[in-house]
Amino acid sequence: MFLVKFFNFIKGYLLISVDGYFLERFINICIKRGIFIWDIHKISNTNMRVKMSVKAFRQIRPIAFRTKSRVRIHTRRGVPFIIHKYRKRRGLLIGLCVFILMMWYFSSFVTGIEITGTEIVEVEVIREHLAEYGVEIGRRVSRIDEHFVRNRMMTAIPEISWIVINIQGSKIYVNVQERNIIPERIPEDVPCNIIATRGGIIEVMNIRNGLSMVNVGDAVNEGDLLVSGVIDSETAGARFVHSFGEVFARTWYEATAEYELNFEERVDTGRDINKRSIRFMNFQINLYIRRRIPYTVYERTRTVSARQVPFLPPLYILTNNFREQTIVQRTRTIDDILILADSELRTQLNEQLPPDAEVTEANMTHEFVSPNLVRVTMVYTVREDIARQVLFDVEATELPPLRPTDAGF
Amino acid sequence: MPSKNRNRNRNRNPSPDNAMPQQPSGIKVKIAEALDVSKDIVLNLPRIVLIGTGELTIENYEGILEYSENLISIGANGMKIKIVGKKLEIRTITAEMLFITGFVQNVGLSM
């Protein structure tokens, strides 16, 4: 029904007022003659309003004469009449053309780039690289060669395994697939050595293959050879092996921090002001008049929020929040410092530890650097596997000469 | 089924039998029944479709006899279809089909 109405509106139609005593007859004759009328609305006994096309209206005069009714146009509706109404208004027509041209022109520029799928690689890095290859806000969309950009991006950023560049109107959607960087595993048939990842004292050695170069109780440095992949035995002779096994060692981790007994602390007074700006594409509009910040001591927090409007580049709202602060002189005892240092240094150390490490001991010491300054040191004693397989150059390694027993072959 | 309408008719010109109105008969009916095709096409009988109380479509009509907001009378192959309601309006009208909207209260048929 809507479609029919819409079609009629496009074609244009007339609302006709018919006055007469034989309105039913009028309708019947119209139908018999194939004149299409619709929405017949009876207003009174002698008056009705019908809708019909302009073409139908030209054929209606004889029917009106036959039924002795008076016909006149009540309203003209539809697109042709609207155009007719504005036909003399040149400015409107020019404005419409200019508007369409401007829409077409401005939609041919890149107005937004949306990057998804990033985890390791920074979005900004991708944005910079894209700009290098011509994908940037304000550039012509038609100049972008998707294949070229894709290939260049994949070679430029090694962390990317796949990149998709979709151009939708004036917006560009970039989907990035990152490479999973798996630690290199040495295949079991490739000879290798085992070295220490960290210095420490060896506690347990479970060597399943290879020649141990150190013993339990030995102190090793980072990078020392623990297990050699070159074995020379009396029965089998000298050969290269793929050494593997576990070497548990006692290692140490240390963290230090300095604390003052009398210190200054910045405390919020509760007063703050916001200075907001709007950024749209490359234009920034400040929503404040006075640039000056009325506080002498303050802390600034910046927040950026994006408003996404369909088909348009994002609208960024930048908020600078200034909180007034006062400086308060505070004093604390050595016990307070130690409690604080304990939790702070522990979190700091836990971040450094490898995932499978086991903390066996934690020691905290402190010393006064000056009467007001305390240096606190926390030392973790850790048991961890320090073995790491490394390849060695098989070609350059010379096997020891055969033993006399082997020479008998 | 007795209705006011029929009682009034009987009073005006009393007829001897109060049987059902005569059904169309003849060879056409028999053919239509034998071939199992709908009779509205073969016998040119009106087809009246009423959806709820708001939309009424009549196919195979002949002409409009009376038209006002509360009553529409339609002639169709010797029959008279009388539609009583409120705010009745003819939405679409073509040579074969008639589409009425409004609040339909009563659809009466008489020969």
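To find a chain, count down the sequence lines: A is the first, B the second, and so on, and within it residues start at 1.
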Hey, does the side chain of B/N60 reach the backbone of B/R47 with a donor-acceptor pair shorter than 3.5 angstrom? no
Structural part of B/L88 lying under 4.5 Å from a heavy atom of chain A: neither
Contacts of residues 89-99 of chain B with chain A (heavy atom under 4.5 Å): B/E89, B/I90, B/R91, B/T92, B/I93, B/T94, B/A95
Please check if the side chain of B/Y67 supplies one atom and the backbone of A/I40 the other of a donor-acceptor pair under 3.5 Å. yes
Using a 3.5 Å distance criterion without hydrogens, assess whether the side chain of A/N321 forms a donor-acceptor pair with backbone atoms of A/T301. no
Tell me, for A/L23 versus chain B, whether the close heavy atoms (under 4.5 Å) come from the side chain, the backbone, both or neither. neither
Lys/Arg cation over aromatic B/F103: B/K86, 6.0 Å, 45° cone: no
Region of A/K51 in contact with chain B, defined by heavy-atom distances below 4.5 Å: neither
Cation over ring, A/R140 on A/F109, under 6.0 Å and within 45°? yes
Contact part of A/D39 toward chain B, heavy-atom cut-off under 4.5 Å: side chain, backbone, both or neither? both
So which heavy atom on A/K42 is nearest to which on A/M48, and how close? CA-CB, 4.0 Å
Under 3.5 Å: donor-acceptor pair, side chain of A/S161, backbone of A/Q177: yes
In the structure I gave you, are the side-chain heavy atoms of A/I73 and A/I16 within less than 4.5 Å of one another anywhere? yes
